[in-house]
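See below for the structure under consideration.
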Amino acid sequence: MAIASRQRVVRVNEATHDALRSLAAADGESMTDILDRAVERYRRDRLLEVANEAWAEVLADPVARAEVEREDAVIDAMMGDGLEAEEW
């Protein structure tokens with residue numbers, strides 16, 4: 001059963017269109033599929049950039065960093081079960 005998706009028109013410059021057409025021809029896929037993957041990759045990259053920036057702010061703040069380290073110590077203490085680590 002095919003899933004219907006609503007199509008939208010997006011304007012791109014000629015170089016981008018040529019690149020999409022070339023990639024589609026080389027990969028045997030539609031330009032839409034290639035563009036979908038590219039946008040999803042960009043979305044994920046941006047998400048990681050934002051998370052890394054937020055983490056850098058936490059690490060740069062001595063009070064926030066100390067709090068994270070206290071929380072890590074509590075978690076580490078709870079994780080200990082007294083058994084030695086096994087190699088798999």
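Hydrogens, waters and symmetry mates are skipped; everything else that's a heavy atom, side chains included, is used.
Atoms CG and CZ, on L48 and R43 in that order, are 9.5 Å from each other to the nearest 0.5 Å.
Residues V39 and V12 do not share a hydrophobic cluster, defined by chaining ILVMFWY side chains whose heavy atoms lie under 4.5 Å apart.
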For residues 23-37, which side-chain donor-acceptor pairs fall under 3.5 Å, sequence neighbours excluded?
| from | atom 1 | to | atom 2 | distance (Å) |
| --- | --- | --- | --- | --- |
| E29 | OE1 | R37 | NH1 | 2.7 |
| E29 | OE2 | R37 | NH2 | 3.4 |
| S30 | OG | D33 | N | 2.9 |
| S30 | OG | D33 | OD2 | 3.3 |

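Across all non-hydrogen atoms, the minimal contact from A60 to P62 is O-CD, 3.4 Å.
Residues in residues 49-66 take part in these salt bridge (charged side-chain N to carboxylate O under 4.0 Å, His left out) pairs, two or more places apart or across chains: R46-E49, R65-E69.
Atom CD of E40 has more than 12 heavy atoms from other residues, nucleotides or ligands within 6.0 Å.
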